[in-house]
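All chains are named by letter (A, B, ...) in the order of the sequence lines, taking the proteins before the strands, and each is independently numbered beginning at 1.
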Amino acid sequence: MVPQIGGILGNMVRIEQGFFENHVVEVAQELLGKILVFQQYQGIIIETEAYRGMDDEASHAFKGPTNRARIMFGSPGVSYVYMIYGMYHCLNIVTEPLGQPSAVLIRGLKLLSPSSLLLDGPGKICRTLGISLTHNGIDITTNDALYVLDNDTTSLVANQQFIATKRIGINKATDKLWRFIVKEL
DNA sequence: CGCAAGATTATT
DNA sequence: ATAATCTTGCGA
């Protein structure tokens, strides 16, 4: 039985820090199908990308803990929000143990509440939900407004209900297929 | 201090 | 394919 996107949600539990302490690729995959909550908004995560500072030339953290990227070196389960192209924001979640720079970019959301809406693209997500630099550095394992819920015991990963591709807008490390998308919506 | 590049999006 | 728009990081 494959969990259906948009179907009835069962008992939901906040995802704890231990979940984010794993390898960023695994976390990016396992985040698919889970519920991102921000204030009054709730949406199913349908697309993610993994970025890993130590061996990934495309990561903001590749060159070390710069002012912007240092949060990627910090605690797992913390938000990393940055501005891109002077007009959009992107929401990430820091992963892996302290000191191992990595983060998952949230690229796609199927909004369930307050209304049904497909948000395909990290900039659209932040623009619609109202996420900006003020939401950088939030511990989403304890925060009241921003967190992730697990909606099912069955993972889309175990059921191979996702696809891996090259990351969008990335010309470096193109051998890494670290963009993950839920197969059917 | 100047400058080039950038984890995007909407429009042509 | 390209404009919009501005922060970041690097080198001088």
Side-chain angles (χ1 to χ4, degrees), chain A residues 15 19-34 36 38 41 43-96 99-111 115-140 146-148 156-157 162-182 185:
Chain A
I15 295 181
F19 174 90
F20 299 106
E21 207 156 14
N22 295 301
H23 193 289
V24 63
V25 168
E26 181 189 337
V27 177
Q29 294 173 351
E30 291 290 351
L31 236 21
L32 296 175
K34 300 210 169 11
L36 178 74
F38 178 63
Y41 298 99
I44 300 178
I45 297 171
I46 58 173
E47 181 181 341
T48 60
E49 275 177 2
Y51 289 89
R52 194 157 195 267
M54 61 275 292
D55 55 12
D56 175 10
E57 201 187 351
S59 171
H60 289 165
F62 182 68
K63 295 166 188 166
T66 60
N67 187 56
R68 179 176 67 168
R70 73 178 184 279
I71 197 157
M72 290 180 67
F73 290 74
S75 301
V78 170
S79 65
Y80 166 38
V81 180
Y82 62 86
M83 169 164 271
I84 189 65
Y85 297 110
M87 56 190 100
Y88 298 105
H89 294 281
C90 292
L91 171 66
N92 300 251
I93 302 171
V94 174
T95 64
E96 305 202 20
Q100 299 188 38
S102 54
V104 175
L105 171 64
I106 308 298
R107 292 192 53 90
L109 213 56
K110 186 181 191 311
L111 206 60
S115 58
S116 181
L117 180 64
L118 184 64
L119 298 173
D120 53 341
K124 294 179 186 177
I125 292 175
C126 289
R127 188 182 58 190
T128 301
L129 304 200
I131 291 174
S132 67
L133 265 16
T134 61
H135 307 289
N136 187 34
I138 292 176
D139 182 350
I140 73 166
L146 180 63
Y147 50 94
V148 181
L156 300 181
V157 178
F162 74 97
I163 299 167
T165 76
K166 286 189 290 189
R167 294 170 293 183
I168 301 297
I170 298 295
N171 316 307
K172 302 167 184 168
T174 51
D175 57 309
K176 288 179 166 60
L177 305 182
W178 284 3
R179 173 182 178 230
F180 307 106
I181 319 161
V182 172
L185 302 182

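Taking NZ of A/K176 as the reference point, atom CD of A/E49 lies at 13.5 Å (rounded to 0.5 Å). Remark: A/L105 CG to A/L31 CG distance equals 11.0 Å, nearest 0.5 Å. Taken from CD1 in A/I138 to CD1 in A/I131, the straight-line distance is 8.5 Å, to the nearest 0.5 Å.
The P atoms of C/dT2 and B/dA5 are separated by 16 Å, rounded to the nearest whole Å.
Following rounding to the nearest Å, A/M83 (CE) and C/dT7 (C1') show an atom-to-atom distance of 8 Å. Between A/K63 atom NZ and B/dA5 atom P the separation is 11 Å, expressed in whole Å. Rounded to a whole Å, the CG atom of A/L91 is 14 Å from the P atom of B/dT8. Here the C1' atom of nucleotide B/dA5 and the NE2 atom of A/H60 are 11 Å apart, to the nearest Å. With rounding to whole Å, A/I84 atom CD1 is found 9 Å from C/dT8 atom C1'. Atom CG of A/L133 is separated from atom P of C/dT7 by 9 Å (rounded to the nearest Å). Across the protein-nucleic acid pair, A/E49 atom CD and B/dT8 atom P stand 7 Å apart, rounded to whole Å. Atom-to-atom, CD of A/E57 to P of B/dA7 comes out at 12 Å; the value is rounded to the nearest Å.
By the 5.5 angstrom centroid cut-off and the 30-degree plane limit, A/Y51 is classified as stacked against the base of B/dA7. Stacking annotation: A/Y88 is not stacked on the base of B/dT8 (requires ring centroids less than 5.5 angstrom apart and an interplanar angle below 30 degrees).
Closest to the side chain of A/K172, out of B/dA7, C/dT5, B/dG6, is B/dG6. Picking from B/dA10, B/dT8, B/dA7 the nucleotide with the shortest atom distance to the side chain of A/R127 gives B/dA10. Closest approach to the A/T66 side chain among B/dA10, B/dT8, C/dC10 is made by C/dC10 (side chain taken as heavy atoms from C-beta onward).
Base pairing analysis places C/dT5 opposite nothing; no Watson-Crick or G-U wobble pair with both distances below 3.5 Å involves it. Base-pair partner of C/dG11: B/dC1 (Watson-Crick or G-U wobble, both distances under 3.5 Å).
Among the heavy atoms of the strands lying under 4.0 Å from A/R68 are primed sugar atoms or P, OP1, OP2 only; no base atom is included. A/A103 comes within 4.0 angstrom of no nucleic acid atom, judged by non-hydrogen atoms across all strands. Contact annotation for A/G123: backbone-only contact, meaning every heavy-atom pair under 4.0 Å involves sugar-phosphate atoms and none involves a base. If you check every strand for non-hydrogen atoms under 4.0 Å, A/N67 touches sugar and phosphate atoms only.
Looking at A/T165 and A/R179, their side chains do bring a donor and an acceptor atom within 3.5 Å of each other.
Place A/K124 and A/N171 on DNA chain B by their nearest nucleotides, and A/N171 ends up nearer the 5' end.
Judged by distance alone with a 3.5 Å cut-off, a donor-acceptor contact links the side chain of A/Y82 to the base of B/dA7.
The residue from A/N92, A/N136, A/V81 that alone fulfils the side-chain contact (heavy atoms from CB on, under 4.5 Å) condition with A/I71 is A/N136.
Using cut-offs of 30° and 60° on the angle between ring planes, the pair A/Y41 and A/F38 is parallel.
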